[in-house]
Amino acid sequence: MKIGAALEFNLIDYPGRIAAVAFTPGCNYACPHCHAAPLLSKAADIGDKGFFDYLDTVKDWVNAVVICGGEPTIQDGLEEFARTVRSRNLAVKLDTNGSNPGVLSRLLSEKLVDYVAMDVKGPRFLWPATAGVEGHEGAMAESLKLVASFPDYEFRTTIAPVVRSGEEISFLTSQEIAAAARLIVSVTGSDAHKYFVQKFVPRKDGLLDKRLESFPETPPQLLQAAHQEAVRHIPNTRIRG
Ligand code: SF4
């Protein structure tokens, strides 16, 4: 599998665990607010060997591996990589944009992943704008259902600026977050999910759409208002600041 970087192990990327992080380059989406793509475009591929060599140096401290990106499910060798992590008695967390339900389904049936974090790119009608691609609505809906079947999981939405029709750019609104929460409930048939509304942080090292670089972080009042709306539909909604 292509791995652009092995990040310092930490307590943040996998709730409740100390995890080493495998950052995979490349993504099939083009979210305007993405900072990973510009960052990883220049990364050298360290491959599975480079990552597991790193893991050997920190194995006494970590009890999990997070696979993120980019979009890990577009990588050849993801399942083999997860199997190797498993064979070392480490938990596996996968961060995904939900575009590949077929891969999620295989990971689920082989029990290769313990925790999935899936991005929900706002309400359905905005997905082409928020994800930067057309035609992924069916796959994302299928993935919502699959993700809810993993042992542990979360859905999350970044309250980022959206390029709307007419080139107007403005943050996702609290009503749009409510619509995203309703969508999760209607597709999965349940409101018993962990759902995070999280802040957009403009990065100095570049975003996919340069026009968003002049935007501030998501205002705290908007995060609060989005939380208030979403919690009416998914009671376990939290703010990730
Ligand atoms: S933010 Fe969007 S473009 Fe960037 S890695 Fe995630 S899904 Fe891909």
Side-chain angles (χ1 to χ4, degrees), residues 1-7 12-14 21-45 65-76 78 81 93-104 107 113 115-144 146-147 153-164 169 171-172 176-177 180 183-184 195-213 215 217-218 226 240-241:
M1 182 168 83
K2 278 190 187 152
I3 299 176
L7 300 191
I12 296 165
D13 284 293
Y14 193 147
V21 182
F23 231 71
T24 63
C27 186
N28 50 353
Y29 282 7
C31 309
H33 67 276
C34 180
H35 60 85
L39 203 67
L40 285 173
S41 60
K42 302 173 202 104
D45 176 18
V65 168
V66 173
I67 311 168
C68 66
E71 175 49 39
T73 65
I74 65 170
Q75 296 287 341
D76 288 337
L78 172 63
F81 180 82
K93 174 173 176 271
L94 173 75
D95 291 358
T96 181
N97 60 20
S99 58
N100 280 310
V103 174
L104 290 175
L107 293 168
V113 172
Y115 192 120
V116 179
M118 177 177 159
D119 292 333
V120 179
K121 307 279 180 191
R124 193 179 211 137
F125 71 93
L126 278 177
W127 283 353
T130 52
V133 291
E134 305 268 350
H136 279 250
E137 289 85 346
M140 292 208 22
E142 213 180 313
S143 291
L144 284 171
L146 281 166
V147 167
Y153 66 94
E154 67 180 54
F155 298 119
R156 59 194 188 184
T157 300
T158 301
I159 305 182
V162 184
V163 182
R164 299 169 188 276
I169 306 177
F171 278 104
L172 278 172
E176 288 165 349
I177 295 296
L183 173 75
I184 295 169
Y195 182 41
F196 288 93
V197 288
Q198 55 193 28
K199 89 178 163 185
F200 157 81
V201 181
R203 304 283 179 133
K204 296 281 175 279
D205 41 12
L207 300 175
L208 219 48
D209 188 326
K210 302 276 171 229
R211 290 172 295 176
L212 272 54
E213 288 173 9
F215 273 73
E217 286 185 7
T218 312
R240 184 174 278 146

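Atoms within a ligand are numbered from 1 in the order they appear, just like the ligands themselves. Positions are given from 1, in the same order as the sequence printed here. If you're wondering where the values come from, they're calculated on a predicted model, not measured in any experiment.
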Gap separating the OG1 atom of Thr73 from the CG atom of Asn97, nearest 0.5 angstrom: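 Result: 6.0 Å between the selected atoms.
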Salt bridge flag under 4.0 Å for residues Glu217 and Arg203: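 No, no charged N to carboxylate O under 4.0 Å.
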For atom 5 (S) of ligand 1, closest protein heavy-atom neighbour: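 Going by distance alone, atom 5 (S) of ligand 1 is nearest to Gly70 N, 3.5 Å.
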For Leu7, all residues meeting side-chain contact (heavy atoms from CB on, under 4.5 Å), sequence neighbours excluded: Ala5, Val21, Phe23
Partner set under salt bridge (Lys or Arg N to Asp or Glu O under 4.0 Å) for Glu154, not counting sequence neighbours: Arg156, Arg240
Tyr29 ring center near His136 ring center (under 6.0 Å): yes
Residues which pass ring pair (Phe, Tyr, Trp, His ring centres under 6.0 Å) with Tyr153, listed by chain and number, not counting sequence neighbours: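 With neighbours one apart ignored, the set is Phe155, His193.
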Distance criterion under 2.8 Å: protein N/O/S atoms around atom 2 (Fe) of ligand 1: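 For atom 2 (Fe) of ligand 1, the figure is 1.
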